[in-house]
> 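After the structure tokens below, expect a handful of questions from me.
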Amino acid sequence: MKKNILFGLLATSALALAACSTGGDTTESGAASGSGEPSGEQVLNYVETGMMPTADLSLATDTISFKALNSVYEGLYRVNADQQVEPAGAAELAEVSEDGLTYTLKLREDAVWSNGDPVTAADYVYGWQRTVDPATASQYAYLYAPVKNANDIMEGKAEVSSLGIEAVSDYELKITLDVATPYFDYLLAFVSFFPQHQATVEEFGKDYAMNSDNAVYNGPFTLTDFDGPGSDTEWSYTKNPDYWDADNVKLDKVNVNAVTEVATGLNLFQDGQGDYTTLSGELAQQMSSDPEFVTVPEGTTAYLEMNQEKEDSPWRNENLRKAISASIDRESFVNNILANGSVAAPGIVPGGLAVSPEGEEFTEATGLDGFKYDPEAAKKYWEEAKKELGIDSLTFEILSDDTDGAKRSTEYLQGAISDTLDGVNVKVANVPFSVRLDRSTKGDFDMVISLWGADYADPSSFLDLFTTGNSYNRGNWSNEEYDKLVEAAATTDANNPEARWKDMIEAEKVISADLGVIPVYQRSTATMQSSRVHGLVHHASGVALDFKWAYMTEE
């Protein structure tokens, strides 16, 4: 996940609470004073869609964890409400060498960890080294590819200490890249690049970050009441009095309640126990005229990955993949099953994510016409696939989450595919979010519904995923032409905006034509938001803005 500055920040994805609400009546969090300053304790109650899989900065891969970690930690930069980077842990923006390979940053000297220790350059060095260390097994380590020696370290060819980051002094960092990277500023605001407190990590060892007490924090909040990843359904973010910008943090606490049933979340909202909850399906349609109903499009694509790891995998057959794709009526799916503003996927890269140097939107530039629902063509593809595979029937399982929306989605896909393709028997497995991630990572699936939200507003945030050997290419699709195009965009053409843009367009055409993965829809989030939080801002990174809910207050 990389990039942006050359192509604009148009996308939206994941939650962030940045703006202030209007109104002045007394609520649970206190009433607004006549001066506009809040009175009483400021508490936000947020209904999350699932449990947090990890609280470890090096291991996080999902939006739930990212939202949490972005609330309790802070990196060198943060992304403001205008989706531009600005200094956070850094005292000022980096001084960048003329060749774009060296970044020198001075750190703010008033930043401290929640245990009182100063946040120093050594904390960044340690955090970065820990993430790229193969022993950590970070799936997001590949983001470090532009940093000097990162690839060699991840492949076990170089020592972790050779990573291109150096503590010049307690409050000065020097970062060296292997290749000039236009989007590198945005990586410095991303969770995987945050500092880590070495003494705490080593003190707790395998129990590090396994609960909220087994870590220290440097963000506007501290994580509290968290009892463990993948199991705890309630936790909170409590204002950090030692945060350098604490005077501007208006919320005292954010209470999180993780529920998988949409109806339960809506009940909490309507009972006044939730200020924000997510809707889908019939309940989204039902509440669409309510003044507290808000729909926001995201830079997120939902797609089907098919396990192509083994040489005899039927999913290596292109006609089979095309048969599955043509069986899905995406328009009916998004309008009748999701009903939350989502739209049929234009490709693996979502619409509105990025524009060229000349202002051309990416999905328009590809010239692709989406993925057609064509049951007759699907049947023909299936007949060809059977001949090529030497089979008469096929049974497989679709793996997905256990939320209401995920269950409806798998039921729809199960029916659409089975009804269209004679001899295809589709089973479903709806499991907790953390289990789905674990099974996906281990390759324990036939087909899985995956969702990816942009980590920065650039096509590479999606295209990089499906190169051969990428840890997120969980279906193990491999295409030499595709790999070359993505590699060129990241290296030889990295500083040639026009050539890089063309590389990415061609890569999208390759994966869409081959259906290495099957894009289904571009997600929107339908929510209920109380008047206290009506100022939700969504951001291309797929995680909460650093301004998030910390700076929100009643007025």
Side-chain angles (χ1 to χ4, degrees), residues 11-23 27-29 43-52 62-64 66-68 70-71 81 233 237 251 254-300 302 334-335 337-343 350 352 401 403-406 408-409 433 451 453-454 521-545 547-552 554:
T12 57
S13 177
L15 168 84
L17 300 175
C20 298
S21 65
T22 57
T27 70
E28 285 185 28
S29 64
V43 177
L44 175 71
N45 296 308
Y46 177 69
V47 180
E48 185 55 272
T49 57
M51 294 176 286
M52 192 195 318
D62 64 285
T63 55
I64 294 175
F66 284 153
K67 279 183 276 186
N70 223 341
S71 299
T233 59
Y237 313 124
L251 280 177
V254 179
N255 294 316
V256 181
N257 190 346
V259 300
T260 58
E261 297 80 17
V262 174
T264 302
L266 180 59
N267 287 338
L268 290 171
F269 181 87
Q270 292 175 327
D271 290 345
Q273 298 178 59
D275 296 303
Y276 178 101
T277 192
T278 302
L279 300 180
S280 63
E282 291 181 5
L283 287 178
Q285 294 173 319
Q286 211 175 297
M287 303 302 297
S288 61
S289 60
D290 192 289
E292 294 178 314
F293 179 87
V294 178
T295 298
V296 183
E298 299 183 10
T300 298
V334 297
N335 292 329
I337 304 302
L338 300 180
N340 59 2
S342 296
V343 297
D401 299 340
T403 64
D404 287 348
R408 286 195 303 274
S409 296
F433 178 51
L451 290 93
Y521 64 91
Q522 179 178 343
R523 189 173 69 178
S524 288
T525 299
T527 66
M528 296 298 291
Q529 302 174 22
S530 74
S531 58
R532 298 178 54 235
V533 296
H534 104 193
L536 282 174
V537 175
H538 288 64
H539 165 46
S541 74
V543 297
L545 286 173
F547 280 103
K548 50 197 170 295
W549 41 55
Y551 300 95
M552 187 202 74
E554 273 190 296

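None of these values were measured; they are calculated from a predicted model.
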> Quick one: CD on Glu261 to CG on Asp404, what's the gap to the nearest 0.5 Å?
6.0 Å
> What I'd like to find out is whether the side chain of Gln522 reaches to under 4.5 Å of the side chain of Ser342, using heavy atoms alone.
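They are not in contact (no side-chain heavy atoms under 4.5 Å apart), so the answer is no.
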> Quick check against the 3.5 Å criterion: does Asn340 have a side-chain atom that pairs as donor or acceptor with the backbone of Ser524?
yes
> Decide yes or no on side chain to side chain contact (heavy atoms under 4.5 Å, CB included) for Asn255 and Leu44, but give the supporting numbers first.
CA-CA 6 Å; Asn255 294 316; Leu44 175 71; over 6 Å; no
> How close do Asn335 and Gln285 get, counting heavy atoms only, and between which atoms?
O-NE2, 3.6 Å
> Rounded to the nearest 0.5 Å, what separation is found between the CD atom of Gln529 and the CG atom of Asp290?
11.5 Å
> Will you find, in the side chains of Tyr237 and Lys67, an N or O donor that is under 3.5 Å from an N or O acceptor?
no
> I'd like to know if the side chain of Asn45 reaches the main chain of Asp275, judged simply by a donor and an acceptor atom lying under 3.5 Å from each other, with no hydrogens or angles considered.
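No, because the side chain of Asn45 does not come within donor-acceptor range (under 3.5 Å) of the backbone of Asp275.
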> Roughly how far apart are Thr277 OG1 and Asn267 CG, rounded to 0.5 Å?
9.5 Å
> To check you understand the geometry: which heavy-atom pair defines the closest contact between Ala284 and Ala339, and what is its length?
CB-O, 3.2 Å
> What pair of heavy atoms forms the shortest contact from Phe269 to Tyr276, and how long is it?
CD1-N, 4.1 Å
> Would one find more than 12 heavy atoms of other residues, nucleotides or ligands at under 6.0 Å from atom CD of Glu282?
no
> How would you list, by chain and number, every residue that makes a side-chain hydrogen bond (donor to acceptor under 3.5 Å, both in side chains) with Asn257, sequence neighbours excluded?
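For Asn257 there are no side-chain hydrogen bond (donor to acceptor under 3.5 Å, both in side chains) partners, ignoring immediate neighbours.
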> By ring-ring contact (aromatic ring centres under 6.0 Å, His included), which residues pair with Tyr521, not counting sequence neighbours?
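Per chain and number, Tyr521 pairs via ring-ring contact (aromatic ring centres under 6.0 Å, His included) with Phe333.
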> Which value, rounded to the nearest 0.5 Å, describes the distance between Arg523 atom CZ and Thr300 atom OG1?
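OG1 of Thr300 is found 4.5 Å from CZ of Arg523.
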> Give me the atom names and distance for the closest heavy-atom approach of Val262 to Ser280.
CG2-OG, 3.7 Å
> Considering residues at least two apart in sequence or located in another chain, which fulfil the side-chain contact (heavy atoms from CB on, under 4.5 Å) criterion with Leu266?
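Counting only residues at least two positions away or on another chain, Leu266 forms a side-chain contact (heavy atoms from CB on, under 4.5 Å) with Gln270, Leu279, Leu283, Met287, Met528.
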> What's the spacing between Phe66 CZ and Ser71 OG if we round to 0.5 Å?
13.0 Å
> Looking only at heavy atoms, which two atoms of Leu338 and Ser409 are closest? And how far apart?
CD2-OG, 3.7 Å
> Do Thr233 and Val259 have side-chain heavy atoms sitting under 4.5 Å apart?
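No, their side chains stay 4.5 Å or more apart.
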> Checking the side chain of Asp401 only, and the main-chain atoms of Thr403 only, is there a donor and an acceptor separated by less than 3.5 Å?
no
> What is the minimum heavy-atom distance between Leu451 and Ala302, and which atoms define it?
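Closest heavy-atom pair between Leu451 and Ala302: CG-CB, 3.8 Å.
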> Is there a side-chain contact between Asp62 and Phe433 in this structure, where contact means two heavy atoms from C-beta onward sitting under 4.5 Å apart?
yes
